[in-house]
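Below, chains carry the letters A, B, ... as their sequence lines are ordered, and counting in each starts from 1.
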Amino acid sequence: MALMGSDDNPVTANERVDERYDPHPIEQKWSARWEGDPALYAAERVSTKKKYYVLEMLPYPSGALHMGHVRNYSIGDALARYMWMRGYNVLHPMGWDAFGLPAENAALKNNTPPRAWTLANIGNMKAQMKRLGFSYDWATETATCLPEYYRWNQWFFLKMVEKGLAYRKKSKVNWCPECATVLANEQVVDGCCWRHEETKVEIRDLEQWFLRITQYADELLRDLESLDGWPEKVKTMQRNWIGRSEGAQVDFTLESPGPHGAKITVFTTRIDTIFGATSVQLAPEHPVVQDLIAANPEIKDKVAELQLEQQAAKDAGDAGAVEKHCVFTGAYATNPFNGERLPVWVANYILMEYGTGAIMSVPAHDERDYEFAKKYGIEMRVVILPRRTEEPTGDGEQEPVLPFTHEDSMLINSGEFNEMSTPDAKAAMARLAEQKGFGKATVTYRLKDWGVSRQRYWGTPIPMVYCEKDGIVPVPESQLPVILPDNVDITQTGGSPLSRVPAFLNTTCPKCGGPARRETDTMDTFVDSSWYFYRYTDAQNTNAPFDPALAAYWFPIDQYIGGVEHAILHLIYSRFWTKVMRDLGLIKNSEPVERLFTQGMVIKDGAKMSKNKGNVVSPDDMVAQYGADAARLYSLFAAPPDRDLDWQEQGVEGCFRFLGRVYRFVTKHAKPQHPEWRAGVPAELGPEARVLQRKLHQTIAKITHDFDSRWHFNTSIAALMELSNDLYAAEGAIRKGTVPVPLMAQLQRTLVQLLAPFAPYLMAELWETLGERGTLLKQPWPVFNPALAKEDEIEIPVQINGKLRSRIMVSADANEEAAKEAAFRDERVKAAIEGKTIVKVIIVPGKMVNIVVK
RNA sequence: GCCCGGGUGGCGAAACUGGCAGACGCACGGGACUUAAAAUCCCGAGCCCCGCAAGGGGCGUGACGGUUCGACUCCGUCCCCGGGCACCA
């Protein structure tokens, strides 16, 4: 055995002192071992342990992972590993959101069939994930494009048809010319397609399948209250999206009725102001407008113009900025509350999609109506006043500043309702309207039913058949899955590609056996991701989407991690689907996710990474250069997980260096053959050893606390760096032999365990170096001893008049008296208060002393 | 316009309940090792001023004001950046 330097003690130092940290052989070695042990990350089917379901949002298999994925999965993986070490039965699955348009686009571009393209991408990305060392149970892997999965989409769809939750209707839909398909409301952003930010969405009339999510609107809203583990921001976004608003509908009778009806139903949240209504306003697309045009053709062009203006405003995504224009139709309608005759107008600021597409205009008490009425010189009538809590100061009614819209008001000029408060009047007026049959209290939602038909190929076929004799007929459950055919020409545009596949299109009616056509639209891919996490609990099941008993065990998901961009789309559909499944009797839980974490974006050079900006960093490059551990470590170290992360390659290098330091320390100081290596740590330690022991216990406390509460892994890793720095600083003491071998062993073992959730490859290797067998993952998490973590002596600041003037050493549990004494004994303090009067001394034990002098 | 985040050294950040601002890392400077370099190890460092130096003083968490013995932290007014919502009756 060759000894190194002359002062190297053979008992304390190994020979591989200068060995360089090369992550690649280590990561390859462990990758191969883990690959050969499929049970390693498998959840126990039957277990006495507490369960923990940690889930990261499943990726779309676009071809390669990006840094956002690496960050997302590094957070989830650290948590999964930690929970394993805490002794939980952990489910940590992964899958693929494998249907969707990019596969068709790629097919057009490269002449590769969508299936082959998608499966190749999955293969590639799965290899990347394995290379990064994520602890997924691949036995539960799910790809939504496989018939084994999507048949259950079809099954759910049939159940929803049965329950009246899926229905077909003709309606105005959002059409993206680029995607050549329909979009859900949720997929339209500022009048443009969510995937094509430059492409304006067109409005088309189409027959579509809809899911009745509005039936659950109230519950979706109400249950947000119970989601304590969700970010407030996401809940607010969902609340806004659902947009519940309580109000009333009131029928205004038309003087000259047309074929579209004799009345105009308006929606208002302020029925209490109805005596102040001075006109009725219709959306340009309101059906009654057709009748009014027929009666008065002069307004036709103007209405068309208003409609165009409205569309332009929507496209611009800046609706509020567009000027209000209106046209008087010449018609009149009667206010049922006071029999008053009101002019009917068409206005460009009234939306057909919301409420009833008609309003009563109350210029004195509504900002928009006020703006419009001022412009057109329409009468304003004040019918509510601020409520006086005290006696009026003067006589005569005080005119409020218009528009006056406060809820805390009192009615005037409103007949029998005079002097009622706004809430009382709302209730009383709605009641009267209902009694007399011209209105009622209603609730309106912004949320619309979910249009799920897509005129695309690469998606789940909708399991319905059209028969000339029997009409729309569901495919019987026994005939599922309706297989998506291969070899479909998707190069032609216009219409669903499946409609050009006769073998698919032509079928027989399940009812009468006669010739029939299949539905050729496919489902929105958000259907796939609405319930995939249930499938993970029972991915191989061929008789049901999953075994209810397994779902009951694993659900709700304990921790879901993903990007905030899914705050409404995916996360609201998932909540809806869970409630439907509950009502189908499949599950007991009403919410899928207990705790939700939304991580920040990965930024580089001040912008989100994107091909356009050319600032993309490839995970493969990072792994090739620094190894998976360093890349993952950096993605957690550079910023707290909820904040945006600025990617700096030199930062990765810093993490790589840190891992190198840990590697070298352990390879140098591991002495598993030493007779005392496994002995207990002595109760009495010298000062140098004690410093290390204290730091160790403080570090365990810190990391444990970070996992259990804040998830500020950047500070966890910083604490581990501090521990490692202290170990290096103690090398002199180690050489002298003043750090007992059992403590050395404990220091290294614990450091490796604490780092294991963040850098699993190297820690597995070092665990072995330390002479340990067995999976690190299944070792119990280190326990800290508060007595050992406690400082004996601490330095505290002494301030004079709030300014730092000195620092003193006191015992950690020094009381006020002791701290005060020590402070006044200090030379610098003495000098600073010389000749001054002491007004007051503030002492916070263990923190500071402040002496106030004059 | 409304609702959330955020604004701290050259940079990423830390300070968890009002108690030493800048932990940890990057970049930088110096030293050790080396024929040399890389790698590694050690030391330094918010800014400004005084001093040859040891050291001393002042300023400092977007701006201004307030509360307090004491404010990155609490309150008020405002500015900037990011995100969400926005004619929703």
Checklist entry - Just by protein heavy atoms under 4.0 Å, how would nucleotides 23-29 of chain B read 5' to 3' in B, S and -? => result BBSSS--
With rounding to whole Å, what would you report as the distance between [N] and [M] at their [atom1] atoms?
N     : M     : atom1 : answer
B:A14 : B:U61 : C1'   : 12 Å
B:G25 : B:C79 : C1'   : 32 Å
B:A63 : B:G9  : P     : 10 Å
B:G22 : B:C47 : P     : 13 Å
B:U73 : B:G65 : P     : 14 Å
B:C81 : B:C26 : C1'   : 24 Å
B:A13 : B:U17 : C1'   : 22 Å
B:C28 : B:A45 : C1'   : 9 Å

[N] - base-pair partner by Watson-Crick or wobble geometry, distances under 3.5 Å:
N     : answer
B:A23 : none
B:C28 : B:G44
B:C2  : B:G84
B:A63 : B:U77

Per [X] side chain, nearest of listed nucleotides [options]:
X      : options             : answer
A:I359 : B:A39, B:C16, B:A89 : B:A89
A:R710 : B:C16, B:G19, B:A89 : B:C16
A:K233 : B:A89, B:G58, B:C4  : B:C4
A:E795 : B:C41, B:G83, B:C20 : B:C20
A:R828 : B:C69, B:G56, B:A89 : B:G56
A:R643 : B:A89, B:A21, B:G6  : B:G6
A:L804 : B:A21, B:G84, B:A89 : B:A21
A:K702 : B:C41, B:C16, B:G6  : B:C16
A:P640 : B:A13, B:C69, B:G84 : B:A13

What is the separation between atom [atom1] on [X] and atom [atom2] on [N], rounded to the nearest whole Å?
X      : N     : atom1 : atom2 : answer
A:W241 : B:C2  : CH2   : P     : 22 Å
A:Q238 : B:G84 : CD    : C1'   : 13 Å
A:Y728 : B:C42 : OH    : P     : 8 Å
A:E407 : B:A89 : CD    : P     : 11 Å
A:E565 : B:G5  : CD    : P     : 19 Å
A:L569 : B:G84 : CG    : C1'   : 13 Å
A:M809 : B:C20 : CE    : P     : 16 Å
A:K820 : B:G19 : NZ    : P     : 23 Å

Compute whether any side-chain donor of one residue and acceptor of the other, for [X] and [Y], lie under 3.5 angstrom apart.
X      : Y      : result
A:Q238 : A:R575 : yes
A:T405 : A:D366 : no
A:S811 : A:D813 : yes
A:Q625 : A:E653 : no

Item to check | Flag if over 12 foreign heavy atoms under 6.0 Å of NZ, A:K847 | outcome: no
Next on the checklist: Can you tell me if A:K263 has over 12 outside heavy atoms packed within less than 6.0 Å of its NZ?
Outcome noted: no
Checklist entry - Using a cut-off of 4.0 Å on non-hydrogen atoms, how would the nucleic acid contact of A:L645 be classed: base, sugar-phosphate, or nothing? => result nothing
Item to check | Base B:C85 paired with A:N240 side chain (donor-acceptor, <3.5 Å) | outcome: no
Item to check | Check: B:C87 base within 3.5 Å donor-acceptor of A:K324 side chain | outcome: yes
Counting just side-chain N and O atoms, does [X] come under 4.0 Å of either OP1 or OP2 of [N]?
X      : N     : value
A:R20  : B:A38 : no
A:K668 : B:C41 : no
A:S245 : B:A89 : yes

Checklist outcome for this item: RNA chain B nearest-nucleotide lookup for A:E309 and A:R805: closer to the 5′ end is A:R805
Next on the checklist: Judged by each residue's nearest nucleotide on RNA chain B, which is more toward the 5′ side, A:F267 or A:S709?
Outcome noted: A:S709
Next on the checklist: Treating A:S724 as the side-chain partner and A:L720 as the backbone partner, does any N or O pair qualify as donor plus acceptor under 3.5 Å?
Outcome noted: no
Item to check | Identified side-chain contact (heavy atoms from CB on, under 4.5 Å) counterpart of A:I796 within the set A:I843, A:V849, A:V844 | outcome: A:V849
Checklist entry - Would A:K324 count as a cation-pi partner of A:Y349, with NZ or CZ less than 6.0 Å from the six-membered ring centre and within 45° of the ring normal? => result yes
Next on the checklist: If you apply the rule ring pair (Phe, Tyr, Trp, His ring centres under 6.0 Å), what do you find for A:F252 with A:F438, and how did you get there?
Outcome noted: CA-CA 8 Å; A:F252 284 62; A:F438 58 75; 9.1 Å; no
Checklist entry - Is the glycosidic torsion of B:G9 within 90° of 0, making it syn, or is it anti? => result syn
Checklist outcome for this item: ring pair (Phe, Tyr, Trp, His ring centres under 6.0 Å) with A:F758: of A:F707, A:Y634, A:F658, only one passes, and it is A:F707
